[in-house]
Amino acid sequence: MHSLEEFSSTRIREFLNTRKLGLAALAACFAIQSMYGIIYCKGGVTTFWIATLFAQIPAMAWLAHKNRYATALSAAVIQLFCLWANSMECKPYTGGGAAMAYVVVLLYGWPTATVLTLLTIWEKKPQGET
């Protein structure tokens, strides 16, 4: 009989092995945001990490799915929107209002990533199979 420790470590190892691509994609998003914050915006990394953490919520949710490409695709699509938002946020301030570029990430990036991921992982059953 297996102990609880063996069971949990086996499950964790299995989870990590099947989701390496998605976890690597999320790590790449944090690395890209860090480089962008340091090199182009001359600001702190913490702000960009918080923005990435919030923006990548849908991608992190796809970690629960068995398809190993779901998280990677969602993270990549959202990262494209984040890069655009970064370029808008790092421009010199011209006055008037708060920076709202990350609203576009939420309004357009999340639905786009979700729809593209659903279309990609959708498995059509062969005809005659119920």
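Proximity of L106 to F81: side-chain heavy atoms (C-beta onward) are nowhere separated by under 4.5 Å. Counting heavy atoms from C-beta outward, M60 and L53 have side chains that approach closer than 4.5 Å. When side chains are defined from C-beta on, R13 counts as touching N17, because their heavy atoms get closer than 4.5 Å. Annotation: side chain of Q33 is in contact with side chain of T52 (closest heavy-atom distance under 4.5 Å). Between C82 and Y102 there is a side-chain heavy-atom pair separated by less than 4.5 Å. A 4.5 Å side-chain heavy-atom check between W122 and L118 finds every atom pair outside the cut-off. The side-chain heavy atoms of I57 and I78, taken from C-beta on, include no pair separated by under 4.5 Å.
The local environment of CZ in F30 is crowded, with over 12 non-hydrogen atoms from other residues, nucleotides or ligands closer than 6.0 Å.
Counting only distance, with no hydrogens or angles, the side chain of T71 and the backbone of W62 share a donor-acceptor pair below 3.5 Å. Checking side-chain atoms of S34 against main-chain N and O of V45 turns up no donor-acceptor pair under 3.5 Å. In this structure a side-chain-to-backbone donor-acceptor pair under 3.5 Å is present from W110 to A55. In this structure, R19 contributes its side chain and H65 its backbone to a donor-acceptor pair below 3.5 Å. Not a single donor-acceptor pair under 3.5 Å links the side chain of R68 to the backbone N or O of T18. No donor-acceptor pair closer than 3.5 Å links the side chain of Q56 to the backbone N or O of L26. Panel note: side chain T112, backbone G109; no donor-acceptor pair is recorded below 3.5 Å.
When hydrophobic clusters are built by joining Ile, Leu, Val, Met, Phe, Trp and Tyr residues whose side-chain heavy atoms come closer than 4.5 Å, directly or via intermediates, L63 is grouped together with L16. Hydrophobic clustering, with ILVMFWY side chains joined whenever heavy atoms are under 4.5 angstrom apart, keeps I50 apart from M35. Residues V115 and Y69 fall into different hydrophobic clusters, defined by Ile, Leu, Val, Met, Phe, Trp and Tyr side chains chained together at heavy-atom separations under 4.5 Å. Under the 4.5 Å side-chain heavy-atom criterion for grouping Ile, Leu, Val, Met, Phe, Trp and Tyr, V103 is connected to V105 within one hydrophobic cluster. Hydrophobic clustering (side-chain heavy atoms under 4.5 Å, transitive across Ile, Leu, Val, Met, Phe, Trp, Tyr) groups L73 together with Y108.
Considering all non-hydrogen atoms of both residues, I32 and L83 come closest at CG2-CD2, 3.7 Å. Closest approach of Q79 and C29 over heavy atoms only: OE1-CB, 3.4 Å. Among all heavy-atom pairs drawn from A25 and A75, the shortest one is CB-CB, 4.2 Å.
Ring geometry for Y36 versus Y40: interplanar angle of 30 to 60°, hence tilted.
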